[in-house]
Amino acid sequence: MKKYEDEFKDKIIRLHLNEGRTLLSLSKEYGVNKATICNWVKSYREECQTNPIKNGEKDYFKENLQLRKQLEELEKENRFLKKAAAFFAKEID
């Protein structure tokens, strides 16, 4: 069984929870079994139940992910509105 450094595990967990990366994409990119990553995330979540520092970190990751998704949606809407404005500006001329 391969032993992974704690820093490496933390990085993978952070990429999943903070950036919303899927377990499958992380598994393919870093060559770690998907089930192993799933176990790391599960252990992290269990640790958050007893460690207030980890729990605060988890809440931060969750909020950050939510804000990233919201920003992505707003940027998508902004691009659409710019295209619509350009279209209607042509119609007026």
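Hydrogens, waters and symmetry mates play no part in the numbers below; they use all other heavy atoms, side chains included.
Lys54 has its side chain out of reach of Gln49: every pair of non-hydrogen atoms, C-beta onward, lies at least 4.5 Å apart. Residues Glu5 and Asp10 form no side-chain contact, since every pair of their non-hydrogen atoms from C-beta on lies 4.5 Å or further apart. The side-chain heavy atoms of Tyr4 and Tyr30, taken from C-beta on, include no pair separated by under 4.5 Å.
Applying the 6.0 Å contact sphere to CG of Leu24 captures more than 12 heavy atoms from other residues, nucleotides or ligands. Taking a 6.0 Å sphere around CD of Glu72, one finds it holds 12 or fewer heavy atoms contributed by other residues, nucleotides or ligands. Atom CD of Glu46 has more than 12 neighbouring heavy atoms from other residues, nucleotides or ligands inside a 6.0 Å radius.
Of the inter-residue distances, the one linking Asn33 atom CG with Leu26 atom CG reads 12.5 Å to the nearest 0.5 angstrom. How far NE2 of His16 is from OG of Ser27: 12.5 Å, rounded to the nearest 0.5 Å. Of the inter-residue distances, the one linking Lys9 atom NZ with Thr36 atom OG1 reads 9.5 Å to the nearest 0.5 angstrom. The distance from atom CD1 of Ile13 to atom CD1 of Ile37, rounded to the nearest 0.5 Å, is 9.5 Å. Rounded to the nearest 0.5 angstrom, Lys34 NZ and Thr22 OG1 are separated by 8.0 Å. Once rounded to the nearest 0.5 Å, the distance linking CZ of Phe8 with CG of Asp6 reads 12.0 Å.
Using a 4.0 Å cut-off between a side-chain N of Lys or Arg and a carboxylate O of Asp or Glu, Arg14 and Glu57 do not qualify as a salt bridge.
In the hydrophobic clustering of this structure, Val32 groups with Leu17; members are Ile, Leu, Val, Met, Phe, Trp, Tyr whose side-chain heavy atoms approach within less than 4.5 Å, directly or through other members. Linking Ile, Leu, Val, Met, Phe, Trp and Tyr residues whenever their side-chain heavy atoms come within less than 4.5 Å leaves Leu15 and Leu65 in two separate clusters.
Legend: residues meeting side chain to side chain contact (heavy atoms under 4.5 Å, CB included) with Lys62, ordered by chain and number and at least two apart, are absent.
The other residues sharing a hydrophobic cluster with Leu81 are Phe80, where clustering joins ILVMFWY side chains under 4.5 Å apart.
In this structure, Ser43 contributes its side chain and Asn39 its backbone to a donor-acceptor pair below 3.5 Å.
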